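Following: one structure in structure tokens, then a few remarks.
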Amino acid sequence: MAVLVTGGLGYIGSHTVVELINNGYEVVIVDDLSNSERFILKNIEEITGKKPFFYPFDLRRRELLTQVFDAHQIEGCINFAASKAVGESQIKPVDYYENNLFTLINILQEFKERGISNFIFSSSCTVYGQAEKMPITENTPLKLPESVYGKTKQMGEEILIDFAKAYQRKISLLRYFNPIGAHPSGKLGELPIGVPNNLVPYVMQTAVGIREKLNIWGDDYDTADGTPIRDYIYVVDLAKAHVSALKKLMESNEQTVIDIFNLGAGKGSSVLEVVKAFETANDVKVPYQICPRREGDITIAYADVTKAERELHWKSETPLEESLRTAWKWQQYLESKTV
Ligand code: NAD
Ligand code: WQD
């Protein structure tokens, strides 16, 4: 029996593959390497001592996916594969709808035809938009996302809920807040292509000298230091939550399960707090300048994680500084690979 991990060589996927292997699961990865590198597979093997099955193809190619399901006894799927750049999704909406939804539907067709249950979906806190009340619970009303990327996540959730109800299957929608950090070995981490959009990769590239200065997008928000607040969750903690969510689905005696969990640290940090924590953790300087607000940014978002704590017996406990230390170790590993 095996678990299909799509996008398993990507940032969150690779960390989750390690946790699955460490928990005794057989892992089958499908990843087209559109936003990842082959050396990650070797590094997973170095960390775990096991080589997962790996198929490098685009999940939109249904006939190749069928062959994977023929070759392995798949008992569940964690579906990370998606395009995730918010800005790009506005410029290439059709590509985003196609990649994020066709891939999902192709896997669900295989699940439907073969009677497989246990599907975990990478959703996002973006489905809440700017919530009225903090912290954000799973019952906080959803808002129509501003970005095409966000819409693909909300549509994905709806498709999966319909799938679970109609065919009596088990699904889990995991709404990640802001994943950061890297594997403690320094051998897995985020690989931003081009200029990073996300805060921590930009901070790292500034600290290492690739970028001259960090642009802080606004310090006139209604927060203590004027910069926006997010819930930064350590990626290894996030990866472990997937194993718990999968176990919960597999162990459930119910035929139909629709789980929804917020996955965050349950604590908000401002942009300036992250920059300071990075400087302290790694004893480096991050030059920055204050710039106008970035379009579409919200003021504050952090998670109420009591449901995940109660039902998944999981909690993110890694302090911000520690996860920022692992991020820096990863950046140095990347530097050493390029020289
Ligand atoms: P990532 O880009 O590092 O990983 C995604 C992987 O999927 C990549 O390795 C890519 O090559 C692969 N992929 C993409 N399209 C594919 C296709 N058609 N066929 C096969 N492989 C394909 O992204 P990540 O940060 O690890 O995110 C994983 C998931 O979590 C995504 O669904 C993303 O939307 C979601 N998510 C990410 C964040 C975040 O901040 N990183 C936050 C919330 C949700
Ligand atoms: C965090 C904070 C920026 C970069 C995005 C997606 C969302 C979800 C998580 C996938 C904000 C500030 C950033 C920089 C800065 N992803 N910042 N200078 O905006 O919470 O959400 O990632 O589902 O969908 O939109 O994360 O890391 O981009 O920004 O000042 O160079 O850092 O303004 O306040 P965000 P982020």
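Both counts, for ligands and for their atoms, begin at 1 and track the order of listing. The structure displayed is predicted, hence computed values, not measured ones.
Separation of the F119 and F111 ring centroids falls under the 6.0 Å cut-off. Ring centroid separation for the pair Y234 and H183 does not come in under the 6.0 Å cut-off.
The salt bridge (Lys or Arg N to Asp or Glu O under 4.0 Å) contacts involving residues 113-123 comprise R62-E113, D70-R114, E110-R114, where partners must be two or more places apart or lie in separate chains. Residues in residues 2-29 take part in these ring-ring contact (aromatic ring centres under 6.0 Å, His included) pairs, two or more places apart or across chains: Y11-H15. Evaluation of the ring-ring contact (aromatic ring centres under 6.0 Å, His included) test over residues 252-299, restricted to residues two or more places apart or in two chains, returns F278-W328.
Checked against L41 for a side chain to side chain contact (heavy atoms under 4.5 Å, CB included), the options L9, D31, V17 give a single hit: L9.
Remark: minimum distance from atom 24 (P) of ligand 1 to any protein heavy atom is reached at K84 NZ, 3.7 Å. For atom 4 (O) of ligand 1, the closest non-hydrogen atom on the protein side is G10 CA, 3.5 Å. Protein heavy atom in closest approach to atom 18 (N) of ligand 1: N99 OD1, 2.7 Å. The single protein non-hydrogen atom nearest to atom 29 (C) of ligand 1 is F80 O, 3.3 Å, given as residue, atom name and distance. Nearest protein heavy-atom neighbour of atom 9 (O) of ligand 1: D31 OD2, 2.6 Å. At the top of the distance list for atom 27 (O) of ligand 1, counting protein heavy atoms only, stands I12 CD1, 3.8 Å. Scanning the protein heavy atoms around atom 6 (C) of ligand 1, the nearest turns out to be G7 CA, 3.5 Å.
Annotation: cation-pi pair K187/Y333 absent, no NZ/CZ under 6.0 Å from the ring centroid and within 45° of its normal. Cation-pi geometry between K153 and F121 is met: under 6.0 angstrom from the ring centre, within 45 degrees of the axis. Figure legend: cation-pi geometry between R230 and Y302 absent, as NZ or CZ is not positioned both under 6.0 Å from the six-membered ring centre and within 45° of its axis.
For the ligand labelled ligand 1, residue S123 lies inside the 4.0 Å heavy-atom shell. The closest approach between F57 and ligand 1 falls below 4.0 Å for a heavy atom of the residue. Within the 4.0 Å heavy-atom cutoff, E190 does not count among the residues contacting ligand 1. Put simply, part of D58 is less than 4.0 Å from ligand 1, judged by heavy atoms.
Among all heavy-atom pairs drawn from N215 and Y202, the shortest one is ND2-OH, 4.0 Å.
Looking at R60 next to ligand 1, no N or O pair under 3.5 Å apart turns up. Polar contact check, N198 against ligand 1: no nitrogen or oxygen pair lies under 3.5 Å apart. Residue-to-ligand polar distances place N35 within reach of ligand 1: an N/O pair is separated by less than 3.5 Å. The shortest N or O to N or O distance between Y176 and ligand 1 is not under 3.5 Å.
Around ligand 2 you find V86, S124, T126, Y149, N178, N197, N198, L199, Y202, L214, N215, I216, W217, P228, R230, Y232, V271, R294, D297, each with a heavy-atom distance below 4.0 Å.
With atom 36 (N) of ligand 1 as the reference point, the heavy atom nearest to it among Y11, F177, Y149, F121 is part of Y149.
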